[in-house]
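First the proteins, then the strands, lettered A, B, ... as listed; each starts at 1. Predicted model only: the values in this text are computed from it and were never measured.
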Amino acid sequence: MVAQSVAKANTLAQEKGLDHVESLLQEEAPHLLEGRKKQERREGLPPLKNTEGKEIVLRFAPNPNGPLSFGHARGVVINGTYAHEHKGTLILRFDDTDTTVKPPMLDAYEIIPREVEWLLGRPADRIVLASDRIPLYYEHAERMLREGFGYICQCPADDFRTYRETKQNCPCRDKSVEMNVDGWNMMLDGTYKPGDAVVRVKTDMELKNPALRDWPALRIQDTQKNPHPRPEIGSTYRVWPLLDFQSAVEDQLQGVTHIVRGKDLMDSTRKQTLLYEHFGWNYPETIYWGRVKVHEWGGFSTSKMRASIENGEYTGWNDPRLPTLQGLQLRGIQAEALRNFWIELGVTQKDISVPLATLFSHNTKGIDDEAPRLSFVRNPVEVDLHGEIPTEIEIPVHPNHESMGMRKISMDRNQIMIEREDAQHSTYRLKEFADIDEGGQMGSISRSDKRPIIHWVSTDSSSEATLTLPLQENIEHIQGRVELHNYPVGTIVQLERIGYAIIREDDFLLMHE
RNA sequence: GCUCGUAUAGUGUAGUGGCCCAUCAUAAAGGACUCUCAUUCCUUUGACCCGGGUUCAAAUCCCGGUACGAGCACCA
């Protein structure tokens with residue numbers, strides 16, 4: 001029956017078109033047509049679930065062990081954009097609870113908020129430092145012990161690994177509340193040394209996912225040897241929460257409603273959800289993104305970069321070869337380009353690899369209209385001109401915007417410089433000036449044929465200059481001549497037929513084509 | 001090994017059972033405009049991982065395979 005009617009409808013649609021069927025339906029059963037509107041392509045970020053009737057709170061939580069990098073920008077942009085779209089709150093939280101493996105960098109506490117503001121065009125709504133909130137985490141740890149869903153484990157890490165793998169309960173698991181409280185105090189007062197004891201969350205050793213079995217929540221660090229870099233914290237605390245515990249408790253304390261994080265933290269979500277169940281809390285709505293690799297950059301990590309900078313491989317965090325926000329900023333990448341780039345990639349869980357060209361194309365859109373044109377001649381060759389050479393030539397600053405005025409070029413010496421490669425041509429046209437015939441003989445002022453158009457500088461109106469190309473591993477410097485200008489350092493210009501570049505103290509830094 | 005996740009044009013992305021011989025961007029190729037290899041505009045090329053199943057109907061749901069990635073740290 002159904003099959004027959006559907007077949008009939010389909011033939012009808014094929015013969016007379018879909019519109020015909022629709023009009024028939026319109027007459028016979030208009031209610032079926034509702035909600036059948038052609039779906040528009042979704043723009044921007046996927047909608048957040050579960051947003052009704054509450055103030056939306058998101059957070060971006062980096063380890064302040066260095067300035068922000070390209071990858072961090074995703075966290076800032078996605079969380080910041082969601083917060084903005086929902087008129088909600090963006091928290092910038094420093095997860096600075098490790099003083100040994102990835103110790104925080106003091107400067108980062110100042111730098112990161114500025115970088116977030118640059119990237120979003122507005123500051124984070126609230127800044128939270130985990131290291132300021134240790135007593136709060138202690139309170140929750142104690143509650144965990146008193147209510148029996150946490151315990152002090154004194155097994156060596158290796159032993160516990162075996163228990164986890166073989167689904168055996170660790171002997172410490174059955175300690176009484178009193179023993180656990182005693183153990184906790186011994187962790188706090190220094191009786192236990194780093195490695196002697198940890199606080200674990202009691203989950204279930206039979207859990208299918210080994211990562212979730214009685215996971216560690218707090219441990220002891222030697223803060224005499226490795227003090228926290230913040231002077232006000234220093235060696236104050238010996239017991240420190242691990243990420244999963246600190247983050248989970250802090251999200252609850254801050255009223256975080258939505259978490260957007262990398263899918264490498266999926267098991268963290270599960271661990272933390274188990275903890276939330278113990279506490280009787282509701283875990284925030286969580287979405288994930290996959291790994292992003294940039295084709296041109298290998299695997300940089302903050303700690304690796306820090307080491308490479310310290311041993312002199314790079315000039316600093318703002319080295320243009322580095323995928324740091326500072327490096328990118330120095331290369332003339334606009335915050336808006338970064339925002340558009342990350343929003344376009346969205347929040348899929350796919351692991352992706354993107355070419356830098358995608359970022360550059362966003363950047364070009366933002367800078368082209370305002371970038372004055374300038375001629376830079378690489379490997380210059382002198383050419384003496386003959387004929388009736390005007391003493392001054394005017395060229396527009398920007399071909400699409402007359403309002404940006406003219407560049408005046410003085411030709412007193414009748415000598416120009418062109419690129420060695422262009423000098424191969426026997427005849428050519430000097431852009432915005434005149435045709436040149438063999439031997440530097442000046443020809444027609446108006447364009448007379450299809451000879452190649454090349455850029456050039458007047459020897460009088462140009463100066464020595466260096467163009468710097470930041471490549472993957474090394475930096476290339478090209479000597480040349482640039483036409484005289486008085487743009488300040490930091491101006492983004494377009495070097496004709498080369499690409500966009502940013503003016504620095506001593507050179508031009510090529511950004512991209 | 002155990003556990004979890006993802007698979008749509010070269011690269012990203014839209015799509016949640018009929019609107020889809022599949023969207024948009026970027027890249028590539030060609031063209032228009034232009035005294036730049038820029039900008040802008042136009043055109044073309046190009047994809048649902050494989051195999052089963054469910055269904056009248058599958059990119060979409062289910063199962064299996066394959067590939068890739070992640071977690072199993074007293075790092076974040």
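Contact annotation: A/K365 side-chain N/O to B/rU26 OP1/OP2 distance is under 4.0 Å. Between A/K263 and the phosphate of B/rU6, there is no side-chain N or O to OP1/OP2 separation shorter than 4.0 Å. Applying the 4.0 Å criterion to OP1 and OP2 of B/rU36, one finds that A/R373 has every side-chain N and O outside that range. In this structure, A/T348 reaches the B/rU13 phosphate: one of its side-chain N or O atoms is under 4.0 Å from OP1 or OP2. Between A/R219 and the phosphate of B/rA76, there is a side-chain N or O to OP1/OP2 separation shorter than 4.0 Å. The side chain of A/K350 contributes no N or O atom lying less than 4.0 Å from OP1 or OP2 of B/rG69. Not one side-chain nitrogen or oxygen of A/T358 sits closer than 4.0 Å to the OP1 or OP2 atom of B/rA27.
By the 6.0 Å and 45° rule, A/R173 does not stack over the aromatic ring of A/Y163.
Of the two residues near RNA chain B, A/P355 and A/E432, the one whose nearest nucleotide lies more 5' is A/P355. Nearer to the 5' terminus of RNA chain B, by closest-nucleotide assignment, is the contact made by A/L345 (compared with the other of A/R497 and A/L345).
Salt bridge present: A/R373 and A/D368 bring a charged side-chain N and a carboxylate O closer than 4.0 Å.
To the nearest angstrom, P of B/rC35 lies 16 Å from CH2 of A/W456.
With 3.5 Å as the limit, one finds no donor-acceptor pair spanning the side chains of A/Q246 and A/E250.
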Exercise for review: Determine, stepwise, if the pair A/D98 / A/N63 fulfils side chain to side chain donor-acceptor pair (under 3.5 Å).
Suggested key: CA-CA 9 Å; A/D98 175 42; A/N63 178 347; 5.4 Å; no
